[in-house]
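The structure appears right after this line, and notes come after that.
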Amino acid sequence: MGFADILATLCLHSVHGVMRLKASTTYAFTWLCSCLLYVVKHRGTKIESITCDVKTLRKIPLHTTFIVEEKLEYYEDLARVVTWIFALGGHVVSVYDSKGDLKKDLVGLRTAIVLQQGKLFGTAGPAVQVTTLQDAESLNALDKTGELFLVLVLSPEDGRQHIVETAVSVCKAVLQKRVKIEDINIDFIDKKLTATLSEPSLAIVFGGLHSLLGYPPWHLRVTEIHFLPEIRKLVYQDLYTVFQKYANCQQRLGT
């Protein structure tokens, strides 16, 4: 065997070795990515890890609102995110469904939430009331008690139409001399509009669409707004990252 043959053989073995090393490295990298993805995806499925996360947050939004554009064929994903909110210390979650379908099946949504609570808390979980704006009592009072976890389902009819209805009721009150014109100011209107729907501290828009889809505009004046992927693609880390941003933000309120 000549020198050229030996050199060719060595080159062939070297190339083969490099290819095997590359294949092994690719496999190891893929395996490592799969493991990391699994950890990220399933982080938050244990109440202990969420409890630790809560301790890292300087402040927690008492009322978080979801703005949903996608059609929710199954409630499991939404119920899981709502349960994460409760575990992180929130007490009120309002869900603005731009299609208005959720209002037709409040019982189904509550059943899904209770099921997810059982999976996360290991018990029946805290008491949850699922209702609409029309049926809700004073949510501001519920915000402060901390004894009841509330899920408020909203639809387009609760948006600008709610402002119109409030304006009509105020006009009637003036005509009937139950309210003086000089008493009508920003604070007066604010009390009227927030009597049953408190202003959310945090709003999350799902689906990648940068639109509020007709959400009640008066109630988002000082709300922190964030955008996330579709609910069915959401993992706990996505939600926790938003909570971290909220906890670290400075709300100057126009000053």
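Both backbone and side-chain heavy atoms feed into the values below; hydrogens, waters and symmetry mates do not.
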For this session: Taking all heavy atoms of Thr223 and all of Ala203, pick out the closest pair and write down the distance.
Result: CG2-N, 3.5 Å
Problem set entry | Leu115: side chain to side chain contact (heavy atoms under 4.5 Å, CB included) partners, not counting sequence neighbours | Lys119
Exercise. Of all residues at least two apart in sequence or in a different chain, which pass the side chain to side chain contact (heavy atoms under 4.5 Å, CB included) check with Ala112?
Worked result: Tyr75, Ala79
Problem set entry | Min side-chain heavy-atom separation Thr65-Val93 under 4.5 Å | no
Exercise. Is the closest side-chain heavy-atom distance between Tyr236 and Asp53 below 4.5 Å?
Worked result: yes
Seminar exercise, completed: Rounded to the nearest 0.5 angstrom, the CG-CG distance for Asp77 and Leu234 is 9.0 Å
Exercise. How long is the gap from OG on Ser155 to CG on Leu102, to the nearest 0.5 Å?
Worked result: 9.5 Å
For this session: Taking the side chain as every heavy atom from C-beta outward, state whether Lys46 and Ser49 have any atom pair closer than 4.5 Å.
Result: yes
Problem set entry | Backbone N/O of Val128 and side chain of Arg110: donor-acceptor pair under 3.5 Å | yes
Seminar exercise, completed: ring pair (Phe, Tyr, Trp, His ring centres under 6.0 Å) filter on Phe206, not counting sequence neighbours, yields Phe66
Problem set entry | Residue pair Asp105 / Gly108: nearest heavy atoms and the distance that separates them | OD1-N, 3.0 Å
For this session: Can you sort out the partners of Asp97 under side chain to side chain donor-acceptor pair (under 3.5 Å), two or more places apart, ordered by chain and number?
Result: none
Exercise. Distance from Thr83 atom OG1 to Leu88 atom CG, nearest 0.5 Å?
Worked result: 11.0 Å
Problem set entry | Counterpart residues, salt bridge (Lys or Arg N to Asp or Glu O under 4.0 Å), relative to Lys104 (two or more places apart) | Asp101
For this session: Please identify each residue that fulfils salt bridge (Lys or Arg N to Asp or Glu O under 4.0 Å) with Lys99, with sequence neighbours left out.
Result: Glu69
Exercise. Looking at side-chain heavy atoms only, is the closest gap between Val151 and Ile113 below 4.5 Å?
Worked result: yes
Problem set entry | Expected output: side-chain Ser94 to main-chain Leu152 donor-acceptor under 3.5 Å | no
Problem set entry | Worked verdict on His91 versus His63 for side-chain contact (heavy atoms from CB on, under 4.5 Å) | CA-CA 6 Å; His91 287 280; His63 177 182; over 6 Å; no
Problem set entry | Atom pair OG1 (Thr64) and CG (Leu202), whose distance is rounded to the nearest 0.5 Å | 4.5 Å
For this session: Decide yes or no for Val82 and Phe149: does some side-chain heavy atom of the first lie under 4.5 Å from some side-chain heavy atom of the second?
Result: no
Exercise. Knowing that exactly one of Leu109, Val95, Thr132 qualifies, which makes a side chain to side chain contact (heavy atoms under 4.5 Å, CB included) with Lys103?
Worked result: Thr132
Problem set entry | Value rounded to 0.5 Å, distance of CG in Leu57 from CZ in Phe243 | 8.0 Å
For this session: Keeping the roles fixed (side chain from Ser98, backbone from Val68), state whether a donor-acceptor pair exists under 3.5 Å.
Result: yes
Exercise. Do other residues, nucleotides or ligands put more than 12 heavy atoms under 6.0 Å from the CG atom of Leu175?
Worked result: yes
Exercise. Val81 versus Leu239: any side-chain heavy-atom pair under 4.5 Å?
Worked result: yes
Seminar exercise, completed: Sorted by chain and number, sequence neighbours left out, side chain to side chain contact (heavy atoms under 4.5 Å, CB included) with Arg178 holds for Ala173, Gln176
Seminar exercise, completed: Closest non-hydrogen contact found for Phe86 with Leu150 is CZ-O, 4.1 Å
For this session: Tell me whether Ile181 is reachable from Val179 by hopping between hydrophobic residues (I, L, V, M, F, W, Y) whose side-chain heavy atoms are closer than 4.5 Å.
Result: yes
For this session: Measure the shortest side-chain to side-chain distance between Ile60 and Val54 over non-hydrogen atoms and say whether it is less than 4.5 angstrom.
Result: yes
For this session: Using a 4.5 Å cut-off on heavy atoms from C-beta on, say whether the side chain of Ile50 contacts that of Tyr240.
Result: no
Exercise. Looking at residues at least two apart in the chain, or sitting in another chain, which of them share a salt bridge (Lys or Arg N to Asp or Glu O under 4.0 Å) with Asp238?
Worked result: none
For this session: State which residues pass side chain to side chain contact (heavy atoms under 4.5 Å, CB included) with Thr241; sequence neighbours excluded, sorted by chain then number.
Result: Gln237, Gln244, Lys245
Seminar exercise, completed: Distance col, row Tyr246:OH vs Arg58:CZ, nearest 0.5 angstrom, shows 10.0 Å
For this session: Measure from the side-chain N and O atoms of Lys59 to the backbone N and O of Cys249, and report whether any donor-acceptor pair falls under 3.5 Å.
Result: yes
